[in-house]
*Asks:* 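Okay, handing you the structure first.
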Amino acid sequence: MRRSSDEQHGTPDSRRGQVEPLAAIAAVLAIAAALTLYAGVVTDLFGKSDSRETPDLILDRSVEAVADVGVVDPSRLDRIHETLPDGWRANVTIRGTDHWFAAGPRPPTNARTAKKRISVRLGPGRVAPGQFRVAVWR
């Protein structure tokens with residue numbers, strides 16, 4: 001009959017169920033690499049730029065491209081085409097109570113849209129509230 005005190009003194013059964021530290025680290029790294037590869041493949045398959053978030057992403061990129069210190073400058077609207085993903089087209093419209101600016105081709109009826117409230121520079125020292133709207137399509 002064996003006692004638990006025998007296992008503490010280095011009997012052959014005392015190492016049962018243990019793994020070398022280096023082998024355990026290698027196994028963990030192999031699993032992490034496999035999960036990373038799997039996540040990359042899933043993203044490539046299902047994370048295409050056709051997602052519903054595309055208009056919002058293009059909206060944010062467009063505002064960043066034409067804004068200076070958080071104020072949109074309508075004279076920079078031609079820069080939005082630099083922010084578009086390959087194969088996408090966009091129309092940008094800035095509207096306010098007494099101003100209206102647009103850039104890009106006329107959007108088709110099936111274009112997806114996104115919009116946000118912004119500040120618009122109307123001239124030196126003149127800033128007014130407005131709405132920045134982007135319509136995107138392929």
*Asks:* Of all the heavy-atom pairs spanning Pro74 and Val120, show the shortest one and how long it is.
*Replies:* CG-CG1, 3.7 Å

*Asks:* Do you know which two heavy atoms are closest between His99 and Pro129, and how far apart they sit?
*Replies:* CE1-O, 3.3 Å

*Asks:* Can you tell me how far CZ of Arg95 sits from NZ of Lys115, rounded to the nearest 0.5 angstrom?
*Replies:* 9.5 Å

*Asks:* Any chance you could measure Arg61, atom CZ, to Asp56, atom CG, to the nearest 0.5 Å?
*Replies:* 11.5 Å

*Asks:* Roughly how far, to the nearest 0.5 Å, is CD1 of Ile118 from CZ of Arg133?
*Replies:* 13.5 Å

*Asks:* Taking the side chain as everything from C-beta on, heavy atoms only, tell me whether Val134 gets closer than 4.5 Å to Val92.
*Replies:* yes

*Asks:* Determine, stepwise, if the pair Phe132 / Leu77 fulfils side chain to side chain contact (heavy atoms under 4.5 Å, CB included).
*Replies:* CA-CA 11 Å; Phe132 194 99; Leu77 283 180; 4.2 Å; yes

*Asks:* For residues Asp68 and Arg76, report the shortest heavy-atom separation together with the two atoms involved.
*Replies:* CB-NH1, 3.6 Å

*Asks:* In Å and rounded to the nearest 0.5 Å, what is the CH2 to CD1 distance from Trp100 to Ile94?
*Replies:* 11.0 Å

*Asks:* According to a hydrophobic-cluster definition based on side-chain heavy atoms being under 4.5 Å apart (Ile, Leu, Val, Met, Phe, Trp, Tyr only), do Tyr38 and Val41 belong together?
*Replies:* yes

*Asks:* Is there a donor-acceptor pair closer than 3.5 Å between any side-chain N or O of Asn91 and the backbone N or O of Pro105?
*Replies:* yes

*Asks:* Using the rule that two of Ile, Leu, Val, Met, Phe, Trp, Tyr join whenever any of their side-chain heavy atoms come within less than 4.5 Å, decide whether Val136 and Val63 are in one cluster.
*Replies:* yes

*Asks:* Same cluster for Ile58 and Trp137 if Ile/Leu/Val/Met/Phe/Trp/Tyr side chains link at under 4.5 Å?
*Replies:* no

*Asks:* Would one find more than 12 heavy atoms of other residues, nucleotides or ligands at under 6.0 Å from atom CG of Leu37?
*Replies:* yes

*Asks:* Quick check for you: to the nearest 0.5 Å, what is the distance between Asp73 atom CG and Leu122 atom CG?
*Replies:* 10.0 Å

*Asks:* To check you understand the geometry: which heavy-atom pair defines the closest contact between Arg121 and Val71, and what is its length?
*Replies:* N-CG1, 3.6 Å

*Asks:* Looking at CZ of Arg117 and CD of Gln131, how far apart are the two atoms once the value is rounded to the nearest 0.5 Å?
*Replies:* 6.0 Å

